[in-house]
2 protein chains.
Amino acid sequence: MTGSTPPQRRKRQLPTTEELRIWRDYIETAEALGSSLAARLQSESSLSRGDYAVLLALSEAPERRMRSSELAALIGWQRSRLSHHLGRMERRGLIRREECVTDSRGAEVVLAPAGADAFREATIPHLRAVRELFVDALTPGELAAAGEVAAALRRFLAR
Amino acid sequence: MTGSTPPQRRKRQLPTTEELRIWRDYIETAEALGSSLAARLQSESSLSRGDYAVLLALSEAPERRMRSSELAALIGWQRSRLSHHLGRMERRGLIRREECVTDSRGAEVVLAPAGADAFREATIPHLRAVRELFVDALTPGELAAAGEVAAALRRFLAR
DNA sequence: GGTACATAATTGACATGTCAATCATTTGGT
DNA sequence: ACCAAATGATTGACATGTCAATTATGTACC
């Protein structure tokens with residue numbers, strides 16, 4: 001050690017108490033919201049948030065099918081996470097996996113009828129929950145601010 | 001069905017496309033930030049975010065000990081989650097559990113020396129990560145807005 | 001055409017989280 | 001004092017998530 005670090009320098013490296021308070025508020029609130037939403041989804045539809053994300057992506061995909069790694073990228077999951085989750089969903093009959101014609105390493109994930117049904121039934125309750133837990137809690141200005149904050153964080157993270 | 005729902009009515013119940021976009025942005029960004037932070041903590045210190053939350057609370061508690069359910073309430077966990085987690089932390093020597101003198105149903109969680117060490121070593125890297133991933137991504141105005149949004153959501157959720 | 005490397009996806013081991021059930025103790029009402 | 005209900009905490013079963021290793025196939029290049 002060649003000398004002590006002056007306080008000004010430390011302040012540039014580490015968050016202030018106030019910044020830290022906001023961070024904790026931010027992340028804990030988002031996590032609490034996430035679990036509330038997951039609990040409502042679970043109780044109202046027998047789908048988990050993960051199931052819902054997968055089924056939503058497949059519902060919107062052309063032919064209701066998608067390459068496994070595209071799907072992973074689209075919903076932002078690690079491939080191994082998706083693979084495990086698809087295994088569970090396949091056992092429940094929500095999706096099927098088929099070999100890919102153009103690349104025999106690849107797999108295509110296909111929305112199964114039971115998956116489409118489950119998704120359709122879950123949609124309205126899920127959207128209602130988003131409104132009740134998130135949208136209704138914020139003024140229009142706060143909502144817009146939330147969007148800007150998320151966008152800024154996302155840009156920075158993807159940088 | 002007695003008739004179709006007029007659009008005005010649906011709009012009051014379900015989020016608009018734009019509101020939904022903001023919701024997804026909000027929750028996915030927070031989750032991505034959470035896992036980035038967890039990954040950095042893990043690689044720089046051998047503590048998980050859960051470990052860190054428990055050790056932080058204990059570090060700040062008088063006598064560095066706390067009743068198990070107080071701890072759960074403080075960090076916002078279900079008791080069973082805490083119980084499982086404490087079991088794992090106890091096996092690693094980070095905390096100890098002692099019987100409570102005033103209530104023999106209860107347990108007290110005590111910060112163990114190894115836990116205090118691990119926490120101390122993890123703190124600086126963790127705070128640095130918070131700054132680099134969160135604080136540095138936002139302007140002062142955005143930071144304040146993030147705080148207000150979190151507060152509003154929290155008030156509404158706790159209502 | 002064969003070898004090295006990259007890519008797609010799965011697997012196994014294990015950490016983490018949720019839910020419902022359980023157990024022991026305390027508390028409140030009579 | 002007694003019993004019923006509430007409380008504190010743990011447990012078991014199982015769903016979910018991460019990491020590193022593995023398998024199989026494609027691609028580049030000499």
Side-chain angles (χ1 to χ4, degrees), chain A residues 28 31-54 65-92 94-110, chain B residues 28 31-54 65-92 94-110:
Chain A
E28 284 168 17
E31 278 165 5
L33 261 183
S35 13
S36 291
L37 206 82
R40 286 193 48 162
L41 196 55
Q42 198 73 264
S43 77
E44 289 166 354
S45 78
S46 82
L47 292 182
S48 68
R49 284 221 310 130
D51 299 334
Y52 190 84
V54 168
R65 64 173 54 224
M66 197 181 288
R67 282 291 293 274
S68 175
S69 33
E70 273 181 76
L71 178 52
L74 184 62
I75 62 183
W77 287 12
Q78 302 292 331
R79 278 189 304 179
S80 95
R81 175 180 175 187
L82 180 60
S83 200
H84 283 300
H85 204 93
L86 289 179
R88 294 187 292 263
M89 291 181 74
E90 193 168 29
R91 274 199 300 281
R92 294 195 284 149
L94 300 174
I95 55 116
R96 279 194 336 273
R97 280 190 275 203
E98 291 180 3
E99 286 179 10
C100 178
V101 190
T102 61
D103 184 340
S104 17
R105 292 168 303 184
E108 278 198 325
V109 188
V110 186
Chain B
E28 283 167 17
E31 278 165 6
L33 261 183
S35 13
S36 292
L37 206 83
R40 285 193 49 160
L41 196 56
Q42 198 74 265
S43 78
E44 289 166 357
S45 79
S46 81
L47 292 181
S48 68
R49 283 217 313 128
D51 300 334
Y52 190 85
V54 168
R65 64 172 55 224
M66 195 180 290
R67 283 292 293 274
S68 177
S69 32
E70 273 181 75
L71 178 52
L74 185 62
I75 63 183
W77 288 10
Q78 302 291 332
R79 277 187 308 176
S80 96
R81 174 180 176 186
L82 181 60
S83 199
H84 283 299
H85 205 93
L86 290 179
R88 294 186 293 262
M89 292 181 74
E90 193 168 30
R91 273 200 300 283
R92 293 194 285 151
L94 300 174
I95 56 116
R96 278 195 335 273
R97 281 191 273 204
E98 292 180 2
E99 287 177 10
C100 177
V101 190
T102 61
D103 185 339
S104 17
R105 291 168 304 184
E108 277 198 325
V109 188
V110 188

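A, B, ... follow the sequence lines: proteins, then strands. Residue 1 opens every chain. Because the structure is a prediction, the values reported are computed rather than measured.
Closest non-hydrogen pair, C100(A) versus A107(A), comes out as CB-N, 4.2 Å. Taking every heavy atom of both residues into account, L82(A) and S68(A) meet most closely at CD2-O, 3.2 Å.
A salt bridge is absent between R67(A) and E108(A); no separation between the charged side-chain nitrogens and carboxylate oxygens falls under 4.0 Å. Comment: R97(B) engages E90(B) in a salt bridge, judged by a side-chain N to carboxylate O separation of less than 4.0 angstrom.
Remark on DNA chain D: of its neighbouring residues Q42(B) and D51(A), the 5'-side contact belongs to D51(A), judged by nearest-heavy-atom nucleotide. Taking for each of S35(A) and S68(A) the nucleotide of DNA chain C with the nearest heavy atom, the 5'-most of the two is the partner of S68(A). Where A39(B) and R91(A) meet DNA chain D, the nucleotide closest to each residue was compared, and R91(A) sits on the side nearer the 5' end.
Residue R92(A) is out of contact with every strand shown, counting any heavy-atom pair closer than 4.0 Å. Within the nucleic acid shown, R67(A) comes within 4.0 Å of sugar-phosphate atoms alone, with no base atom in reach, counting heavy atoms only.
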- Task: In sequence, state the C-alpha distance, the side-chain angles, and the governing distance for R65(A) and E98(A), and then conclude on side chain to side chain contact (heavy atoms under 4.5 Å, CB included).
- Result: CA-CA 10 Å; R65(A) 64 173 54 224; E98(A) 291 180 3; 3.1 Å; yes
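The span of DNA chain C lying next to chain B, judged by atoms under 4.0 Å from heavy atoms, is bounded 5' to 3' by dT16(C) to dT26(C).
A close approach under 4.0 Å does occur between a side-chain nitrogen or oxygen of S104(A) and OP1 or OP2 of dG26(D).
Distance check: L86(A) CG to W77(A) CH2 gives 8.0 Å after rounding to the nearest 0.5 Å.
Only S80(B), R81(B), H84(B), H85(B), listed by number, bring a heavy atom of residues 73-87 of chain B to less than 4.0 angstrom from any atom of DNA chain C.
For Q42(A), the side-chain contact (heavy atoms from CB on, under 4.5 Å) partners at least two apart in sequence or on another chain are S48(A).
Contact annotation: the side chain of R92(B) approaches that of D51(B) to within less than 4.5 Å [non-hydrogen atoms, C-beta and beyond].
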